[in-house]
Amino acid sequence: MLQNTGKLAGCTLFITGASRGIGKAIALKAARDGANIVIAAKTAEPHPKLPGTIYTAAQEVEAAGGKALPCVVDIRDEQQIGDAVQKAVDAFGGIDILVNNASAISLTGTLETQMKKVDLMLGINLRGTYLTSKLVIPHLLKSRNPHILNLSPPLNLNPVWFKNHTAYTMAKYGMSMCVLGMAEEFRGQIAVNALWPRTAIQTAAMDMLGGEGVSKQCRKADIIADAAYAILSRPKDYTGHFLVDEEFLREQGVKDFDQYAVQPGHPLLPDFFLDETPESLVEKMEQHGATPAFKPPSSSSATPTSGGPVETTFDVIKGVINEDVVKSIQGIYQFDLSGEHTGVWFLDLKTGSGSVGQGEPPAKADVVMKMDSSDFSKMFSGKLKPTMAFMSGKLKIKGDMTLAIKLEKLMNRMNKAKL
């Protein structure tokens, strides 16, 4: 890990979304220098599915050697931000650094994205970042070495990063455009930079998006914390940069990146918005075996029928589903398949002990998955992960996205069955 130098001792950092994940990791890194940390986040009470609150994060900051000020803040609310900023100034005498980390994500297409999700992403990612910056900047201008750091990607305008999730990309790039504009607006007064990970980072959001087993393909949030620390230690004339964690840390002399891996030596999942297209990400994961390695159906476990590989796959699925699977997934799937084996199939994992069949399901589907029949076969044989199929545009999803992720639980069961 990058060694602390003490350069942030006594500095006050206002960090949005700092109750867990990347925001908390940056807070703890600065706390080891003896920094003051304003934990600006929404979670005041324990969440049933997400770890940590602003108060547990504050305890960790103080245990690491820093001073903490937990503040309940929804960055869509101007009053809440303003109150937290004033509390920070009253408690610590000013603010030196703003880290815009809070973010919302929904990887859905235009027709599938509800407007409340669009409003959420634009409200947090774009408007929230702009608003928080606006309210903190007057205090940053009084600091000797002020910084704004946004956790947002380089502005890559390749259409592949828009076509599958236009709303999310618009919102996330809004954070990056704040960097582009404010770096010039406040050049010589405030350093304004962006930081983005080269690979997926293990967070609660990634666990939700990637499903079971995704963590071994990730790096720990420590790599972002180290890169952020090095950026925030620079003078204020270091501004207007869109930095990628790994490349920036190499410039700082870091050579061992296995130390940041959740599972050292395992192939890593590249993050969005960088040079590689979603299609190449899929190919890399397949090539390096970073997706679960499920064995294809053998002749002993299922007998091919006249329906071809699709019907064979559903015969195998029928053999492994039961009440426990139904209880854990609770969803009805409809598969609209094109290509060589065109047809509509359903998988009911909501009723009784589950059922499969050709045609539309007896009850309304919770999620409709459209894809080529060959990709369907690849998905259930372990050669194509649903998350990666969606990222690459091979899979179109209408309905509950979380059910698509839960489908991987069934695939894990098929793997355990030695298919």
Side-chain angles (χ1 to χ4, degrees), residues 12-28 36-61 68-92 95 97-108 113-140 148-152 167-179 182 194 203-209 221 224 228 402:
T12 298
L13 287 76
F14 191 105
I15 307 177
T16 66
S19 60
R20 62 179 67 91
I22 289 171
K24 188 179 79 170
I26 294 173
L28 293 176
N36 309 314
I37 311 295
V38 182
I39 301 164
K42 291 194 301 180
T43 309
E45 300 293 332
H47 191 282
K49 294 183 180 179
L50 299 173
T53 68
I54 57 173
Y55 304 110
T56 58
Q59 290 171 353
E60 291 183 60
V61 163
L69 177 64
C71 296
V72 176
V73 176
D74 181 338
I75 63 169
R76 293 170 293 176
D77 188 319
E78 185 171 358
Q79 185 66 49
Q80 287 188 16
I81 301 170
D83 289 347
V85 168
Q86 190 57 52
K87 286 178 184 177
V89 173
D90 292 344
F92 302 124
I95 300 173
I97 293 166
L98 168 62
V99 178
N100 286 308
N101 165 71
S103 187
I105 183 171
S106 180
L107 298 177
T108 46
T113 309
Q114 295 180 0
M115 284 312 298
K116 66 178 182 180
K117 287 282 189 182
V118 177
D119 292 341
L120 178 71
M121 289 187 285
L122 292 174
I124 293 176
N125 302 2
L126 194 164
R127 184 180 183 276
T129 294
Y130 183 90
L131 176 58
T132 306
S133 301
K134 177 181 173 65
L135 297 182
V136 172
I137 283 172
H139 302 283
L140 295 179
I148 295 175
L149 181 64
N150 291 359
L151 275 296
S152 63
Y168 172 64
T169 299
M170 287 166 55
K172 202 66 187 175
Y173 279 15
M175 296 178 72
S176 301
M177 292 173 77
C178 286
V179 172
M182 291 178 190
T203 62
M206 181 52 65
D207 289 340
M208 178 187 72
L209 292 170
I224 291 287
T402 59

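Values below: every heavy atom of this structure, side chains too, minus hydrogens, waters and symmetry copies.
Exactly one of N150, N125, T129, T16 qualifies for a side chain to side chain donor-acceptor pair (under 3.5 Å) with N100. That residue is N150. Just one residue in the list T132, V136, L98 forms a side chain to side chain contact (heavy atoms under 4.5 Å, CB included) with I148, and that residue is L98.
Across all their heavy atoms, A68 and I39 have their closest contact at CB-CD1, 4.3 Å. For the residue pair P138 and L135, the shortest heavy atom distance occurs at CD-O, 3.6 Å. The shortest non-hydrogen separation linking S152 to S176 is OG-OG, 3.2 Å.
The distance from the CG atom of L149 to the CG atom of L151 is 6.0 Å, given to the nearest 0.5 Å. To the nearest 0.5 Å, the span separating CG on L69 from CZ on F14 amounts to 8.5 Å. Note: M121 CE to L126 CG = 11.5 Å, rounded to the nearest 0.5 Å. With rounding to the nearest 0.5 angstrom, the CG atom of L131 is 12.5 Å from the CD1 atom of I124. Taking NZ from K24 and OG1 from T203, the interatomic distance works out to 12.0 Å, rounded to the nearest 0.5 Å. Separation of atoms OG1 (T113) and CG (L107) is listed at 9.0 Å; rounding is to 0.5 Å.
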Legend entry - Verdict with reasoning, S103 to K172, per side chain to side chain donor-acceptor pair (under 3.5 Å): CA-CA 8 Å; S103 187; K172 202 66 187 175; 2.9 Å; yes
Inset, instruction - May I have the step-by-step check of side chain to side chain contact (heavy atoms under 4.5 Å, CB included) for Y168 and S106, ending in yes or no? - result: CA-CA 6 Å; Y168 172 64; S106 180; 5.8 Å; no
Legend entry - side chain to side chain contact (heavy atoms under 4.5 Å, CB included) between M182 and Y130, intermediate numbers included: CA-CA 10 Å; M182 291 178 190; Y130 183 90; 3.7 Å; yes
Inset, instruction - Begin from the C-alpha positions of T43 and R20 and carry the test side chain to side chain donor-acceptor pair (under 3.5 Å) through to its verdict. - result: CA-CA 9 Å; T43 309; R20 62 179 67 91; 3.2 Å; yes
Inset, instruction - Determine, stepwise, if the pair K117 / T108 fulfils side chain to side chain contact (heavy atoms under 4.5 Å, CB included). - result: CA-CA 10 Å; K117 287 282 189 182; T108 46; 5.9 Å; no
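Using a distance-only test at 3.5 Å, with no hydrogens or angles considered, a donor-acceptor pair links the side chain of N101 to the main chain of G17. In this structure, the side chain of R127 engages the main chain of R76 through a donor-acceptor pair within 3.5 Å.
Between I54 and V73, the closest side-chain pair of non-hydrogen atoms is not below 4.5 Å. Residues I26 and I22 form a side-chain contact, since some pair of their non-hydrogen atoms from C-beta on lies under 4.5 Å apart. The shortest distance between side-chain heavy atoms of V38 and L13 does not fall below 4.5 Å. In this structure, E60 and L28 have side chains that are in contact, with non-hydrogen atoms separated by less than 4.5 Å. Between V85 and I95, the closest side-chain pair of non-hydrogen atoms falls below 4.5 Å. Taking 4.5 Å as the limit, some side-chain heavy atom of M115 sits within range of a side-chain heavy atom of V118. No side-chain heavy atom of K42 sits less than 4.5 Å from a side-chain heavy atom of V72.
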